[in-house]
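Remarks on the structure that follows.
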Amino acid sequence: MATTSKIDEAKELIKAGLKRELILKITSISEYEYSLLQRELLATA
């Protein structure tokens, strides 16, 4: 699992509208973690 700071950074990048591939490279999170974050953000929107 990624560290909390990477997760927080990824959340902000998703909110900013960056493409998935770029977010995965910048934060080094897994595609699974990305999917979870994206679902979480959609649920709280």
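Residue numbers run from 1 in the order of the sequence given.
Residues forming a side chain to side chain donor-acceptor pair (under 3.5 Å) with E12 (at least two apart in sequence, or on another chain): none. Looking at residues two or more places apart in sequence or on another chain, you find a side chain to side chain donor-acceptor pair (under 3.5 Å) between E31 and R20.
Proximity of I29 to L37: side-chain heavy atoms (C-beta onward) are separated by under 4.5 Å at one or more points.
To the nearest 0.5 Å, the span separating CG on L13 from CG on L24 amounts to 10.5 Å.
Across all non-hydrogen atoms, the minimal contact from L22 to L18 is CD2-CD2, 3.6 Å.
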Check: residues 38-45 side-chain donor-acceptor pairs under 3.5 Å, at least two apart:
{"unit_1": "E40", "atom_1": "OE2", "unit_2": "K11", "atom_2": "NZ", "d": "2.9"}
{"unit_1": "T44", "atom_1": "OG1", "unit_2": "E40", "atom_2": "O", "d": "3.2"}
{"unit_1": "T44", "atom_1": "OG1", "unit_2": "L41", "atom_2": "O", "d": "3.2"}

